[in-house]
Amino acid sequence: MNLVIIGTGYVGLTTGLGFASLGHRVACVDTDAAKVARLDLGEAPFYEPGLEETLKRLQEQGRIVFTTDLESVIGEADIVMFAVQTPPRANGEAELSYLMGAAGQVGALLSREALLIVKSTVPVGTNRKVLATVRSAMALQGREDLSTLIRVASVPEFLREGAALDDFLHPDRIVVGADDEVVFQTIERLHEGIAAPVVRVRLESSELIKVCANAFLATKISFINEVANIVEGTGADVREVARGIGLDKRIGSQFLRAGIGFGGSCFPKDVSALKSYAGIHGYDFKLLHAVIEVNNTQRHRFVQRIVETMGTLKGRKLAVWGLAFKPDTDDIRESAAIAVVRDLLGLGAEVSAYDPKAMRNARTALPESVHFAPTAMDAASGADALVVLTEWPEFLQVSFSTLKAQMVEPMIFDGRNCFADLGLVALGFQYFGVGLGNAESASSWMRG
Ligand code: UDX
């Protein structure tokens, strides 16, 4: 099939590459000429494992093209997919102007029957608004008859940054919201080659599934973070609790890693959007208030632990490892790591930070007083303490004896518990995690 995808962000580009790799012909459209020019040269605008190699391969095969000119590609489109940003407004509601603007442009240009797919995360009811916007723009062009043939489907994405291509090709399920059988069949044909159950639902249910999935995952994280806050100093260990409850198939072991909380462009936004949507419909989604409150305070609790241990941070040199909101991405949107660094700076600390991929983005979000170190070990040189905020695998490979020699004080505050099993106490470090039992007993026991 011929796809036109509008938006070349984390969702649009990854989705475009995914469908192109399934054999479809994809044209990705974006208003950002500089971004399109880079993509045309085979350069990815953000880091995602395997993405740039896939981009180059599919371009060489002629399966995917990039353009700013929607008119040049829409004439052949069987499917027009909207993957534009829907960022949160101050009140938590999704900003839909980009999406509706794109829908108007599509309607003004559409001159043949095509299926619209809304991939962006949107409030319930938006798909119908997109369809109405496209149809009315077509009517303005004198194509009212044709406009009645236009259909819409909601096909939300569940891609995780850092695993997006793999998640596209191996989803747990394909959710399709639509009104009629022909649309369901078209979407199933579009996804041929992906072995996953197709869940056929109403349009509105599909829109709600997306935000509810993220809100539930965020709820799991805030739950285990509260458990971590309980067990501090009790001798219990939150990782053991997570393992013990997670083996219950009804609970599941994923998304039970305690730490400084969730970030990213989705969880915070979607939890707020669901709470806001409930409010609009006269319901106070009380659970989500707590999910957000726990997440917002978790990072400050972590900083408080550092202050309680070190006393004043004024003039103290802190090394920070990790700035991205999670490993395997350069994305710092809503990153808890960035929030913690800001807190530390606000308390007078000197920060020397390193992140394998997010340094360029982090420079735009942090003051020049932050020293951006070329390596993790360089960041730790002369540090009074090391603060680990993103669990990049490469941090596990460092020589801890070298690290200890680099630091003024061998003290580590681990916001992601990623060093919890390394027996650092036995190596002479003071080690503090989130919700760990006595690090000594936990590490020696876990080593067996
Ligand atoms: C998420 C959803 O997983 C994905 O399905 C949806 O399409 C987009 O939003 P993403 O935001 O890329 O994906 O990252 P994810 O791996 O879900 O992590 C989100 C945040 O939760 C990160 O800040 C991560 O550090 C945090 N997290 C995750 C935890 O704190 N504990 C966990 O156990 C898991």
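Read the numbers this way: they start at 1 and go in the same order the structure lists the ligands and their atoms. The structure displayed is predicted, hence computed values, not measured ones.
Side-chain atoms of Glu391 and Asn417 form no donor-acceptor pair, as typed in the model, at a separation below 3.5 Å.
The two atoms that bring Gly322 and Val320 nearest to each other are O-CG1, 3.7 Å, heavy atoms only. Nearest heavy-atom pair, Pro268 versus Gly263, reported as atom, atom and distance to 0.1 Å: CD-O, 3.5 Å. Shortest non-hydrogen contact noted between Gln406 and Met377 is NE2-O, 3.0 Å. Taking all atoms of both residues into account, the shortest heavy-atom contact from Asp167 to Phe158 is OD2-O, 4.0 Å.
Heavy atoms of Ile260 found under 4.0 angstrom from ligand 1: none, in either backbone or side chain. With a 4.0 Å heavy-atom cut-off, ligand 1 is reached by the side chain of Lys210 but not by its N, CA, C or O.
Remark: minimum distance from atom 24 (C) of ligand 1 to any protein heavy atom is reached at Phe325 O, 4.1 Å. At the top of the distance list for atom 5 (O) of ligand 1, counting protein heavy atoms only, stands Phe158 O, 2.9 Å. Remark: minimum distance from atom 4 (C) of ligand 1 to any protein heavy atom is reached at Leu159 O, 3.4 Å. In terms of protein heavy-atom proximity, atom 27 (N) of ligand 1 is nearest to Ile221 CD1, 3.5 Å. Nearest protein heavy-atom contact of atom 31 (N) of ligand 1 is Arg257 O, 3.0 Å. Of all protein heavy atoms, the one lying nearest to atom 3 (O) of ligand 1 is Arg160 CG, 3.2 Å. Closest to atom 12 (O) of ligand 1 among all protein heavy atoms lies Glu161 N, 2.6 Å.
Between the side chain of Ser335 and the backbone N or O of Ala337 there is at least one donor-acceptor pair closer than 3.5 Å. In this structure, Glu48 contributes its side chain and Gly162 its backbone to a donor-acceptor pair below 3.5 Å. Judged purely by atom type and a 3.5 angstrom limit, Thr15 uses its side chain to pair as donor or acceptor with the backbone of Val11. Glu95 contributes no side-chain N or O that, together with a main-chain N or O of Thr86, makes up a donor-acceptor pair within less than 3.5 Å.
For atom 1 (C) of ligand 1, the nearest non-hydrogen atom from the set Phe255, Phe267, Tyr10 belongs to Phe267.
Within ligand 1, counting atoms from 1 as listed, the ones closer than 4.0 Å to a heavy atom of Lys326 are 12 (O), 14 (O), 15 (P), 16 (O). Counting atoms of ligand 1 from 1 in the listed order, those under 4.0 Å from a heavy atom of Phe262 are 20 (C), 21 (O), 23 (O), 26 (C). Close approach of ligand 1 to Cys266 is summarised as follows: ligand atoms under 4.0 Å from at least one heavy atom of the residue are 8 (C), 9 (O).
Heavy-atom distances between Gly259 and ligand 1 stay at or above 4.0 Å for every pair. At least one heavy atom of Arg416 sits under 4.0 Å from some atom of ligand 1.
Annotation: cation-pi pair Lys220/Phe255 absent, no NZ/CZ under 6.0 Å from the ring centroid and within 45° of its normal.
The shortest N/O to N/O separation between Glu391 and ligand 1 does not fall below 3.5 Å. Every N/O-N/O distance between Gly264 and ligand 1 stays at or above 3.5 Å.
For Phe419 and Phe400, the ring centers sit closer than 6.0 Å to each other.
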